[in-house]
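What follows is a set of notes on a single structure, which appears directly below.
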Protein chains: 2
Amino acid sequence: MPAEAKVEARSARSAAPATPPLTERQEARRRRILRASAQLASRGGFDAVQMREVAESSQVALGTLYRYFPSKVHLLVATMQDQLEHMHGTLRKKPPSGETAAERVAETLMRAFRALQREPHLADAMVRALTFADRSVSPEVDQVSRQTTAIILDAMGLADPTPAQLSAVRVIEHTWHSALITWLSGRASIAQVKIDIETVCRLIDLTDPDTGA
Amino acid sequence: MPAEAKVEARSARSAAPATPPLTERQEARRRRILRASAQLASRGGFDAVQMREVAESSQVALGTLYRYFPSKVHLLVATMQDQLEHMHGTLRKKPPSGETAAERVAETLMRAFRALQREPHLADAMVRALTFADRSVSPEVDQVSRQTTAIILDAMGLADPTPAQLSAVRVIEHTWHSALITWLSGRASIAQVKIDIETVCRLIDLTDPDTGA
DNA sequence: CGCTAATCTAGAACAAGTTTCAGACTTGAT
DNA sequence: ATCAAGTCTGAAACTTGTTCTAGATTAGCG
């Protein structure tokens, strides 16, 4: 029988279908790797996360690093999952105060944006990885997307959204990601991102089953 | 005095401030390079565009290729500029037929989307490069963005848009790029992209100075 | 305990983007 | 026609992501 179970995509909750539980030491390794990844990313962004350095930093052989995360993009997307969970927890504690759903969503996203501004390099690494990811990372990217959707729906305060509302949420996510990229690459100001977020959030009112179209 | 002028960012119109004109042979080299890039990209997407192969394919030394395009991302973004010009020309010939501005924009974007579907690998290479570009490529990416904006404004049929309308256009572009990415990475269907585009285009009506909010 | 299969480690090796360099070639000016 | 300065070429070198290998370790089972 195997000694330590096969290591694969890890996820927050019960999403993973067949992920054998990790040993304590394995869980610890995984943590060390993610911590090193975030640390290096915080310094110099995407480029500063070098696999050899991550391995050394987390006291793990390069081959092992690749066993846990099959590519740099996988690693950074996993790092993002990790950070997103934090974020969601933090956001839950102080629900947004806006009157309308649109206001609350915009407020929540701006709060998240401010958090990202505190670690712009880390944001750079995570977002670039997310948009650069190819099909082999789809499951992980999808998980990030679901988590983001959950955060937005939370802010809207909706139990069961209509299809139109889900469309609006998807568009908001698109805008969120793309606006972040333009900000990170210095092509848009913080103010600009704020405007874009507020603009797209008006779509929510438009799809409100009571008042919208 | 210099023999052949310094090669730098090239742009469609008068945007470049100080780009000495290229020799005929230089212009020809540049063309060959872009053609090779598009050709390789059409085959296997981003990964298939290998600088050594582009150089060989376009009968240019590797060092020369790097003189014309300082990185793979620069090259692919330039390739996108090139393709966008084609596209804009093509789109101009058959203006969209929709009643409202929103309909016309959605129609135009869907037409562009269909064109991309014909060369999904090329689309992959260009879009991935665009979103992966860091600050050093900002001017070129910005040029692509301006060109895209021009296409959308064309479709709206607007001479001088209001700030609110420009915001809407920016959000539409965000959605357009991000939706393309989700499609390219297999996380969204063509139908899904269509819905997202149509959804975000409703923002236009919302900002119409006559009828909107 | 002692086995056995899987995991982990160290390090070499490979791949593709990027840089560098010496020498041949072009260009525009004199 | 000649020259100086800038370009192009071919090839090697360097960087960093990724793969591979042989041997040491570890985990669970009988």
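Chain A is the first sequence line, chain B the second, and so forth, proteins listed ahead of strands; every chain is numbered from 1. In what follows, every heavy atom counts, from backbone to side chain, and hydrogens, waters and symmetry copies are set aside.
Aromatic ring pairs are classed by plane angle as parallel below 30°, tilted from 30° to 60° and perpendicular above 60°; the pair A:Phe132 and B:Phe132 is parallel.
Judged by a 6.0 Å distance limit and a 45° cone about the ring axis, A:Lys72 is not positioned over the six-membered ring of A:Tyr66. Remark: B:Arg30 fails to qualify as a cation-pi partner of B:Tyr68 under the 6.0 Å distance and 45° angle criteria applied to the six-membered ring.
Pairing each heavy atom of B:Pro120 with each of B:Leu184, the nearest pair is O-CD2, 3.8 Å.
Summarising the geometry, the separation between CD on B:Glu24 and P on C:dT26 is reported as 15 Å, rounded to the nearest angstrom. Atoms CZ (B:Arg128) and C1' (C:dG17) sit 15 Å apart, rounded to a whole Å. The nearest whole Å value for the distance from the NZ atom in A:Lys72 to the P atom in D:dT19 is 15 Å. Regarding A:Met51, its CE atom lies at a distance of 19 Å from the P atom of C:dA15, rounded to whole Å. If you take CD of B:Glu27 and P of C:dT27, they are 15 Å apart, rounded to a whole angstrom. Protein atom CZ of B:Arg25 is 14 Å distant from nucleotide atom P of D:dT7, rounded to whole Å. As a whole-Å value, the separation of B:Phe46 CZ from C:dA16 C1' is 11 Å. Rounded to a whole Å, the CG atom of B:Leu65 is 16 Å from the P atom of D:dT7.
Residues A:Ser57 and A:Gln39 bring no donor and acceptor atom of their side chains to less than 3.5 Å of each other.
Note on A:Gln26: every side-chain N or O is 4.0 Å or more away from OP1 and OP2 of D:dA27. Dashed line: the shortest gap from a side-chain N or O of A:Tyr68 to OP1 or OP2 of C:dC8 is under 4.0 Å.
With a 6.0 Å radius and a threshold of 12 heavy atoms from other residues, nucleotides or ligands, B:Gln59 has its CD atom at or below the threshold.
Across all strands, B:Val49 comes closer than 4.0 Å only to sugar-phosphate atoms, never to a base (heavy-atom distances).
Remark: B:Thr148 OG1 to B:Met87 CE distance equals 9.5 Å, nearest 0.5 Å.
When distances are taken from the side chain of B:Tyr66 to each of C:dG17, D:dT19, D:dT7, the shortest belongs to C:dG17.
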Task: Per-nucleotide protein contact string for nucleotides 10-15 of chain D, where B marks a base within reach and S marks sugar-phosphate only (heavy atoms under 4.0 Å, - for neither) - done: B--B--

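Residue whose closest nucleotide on DNA chain C sits further toward the 5' end, between A:Gln59 and B:Asp47: A:Gln59.
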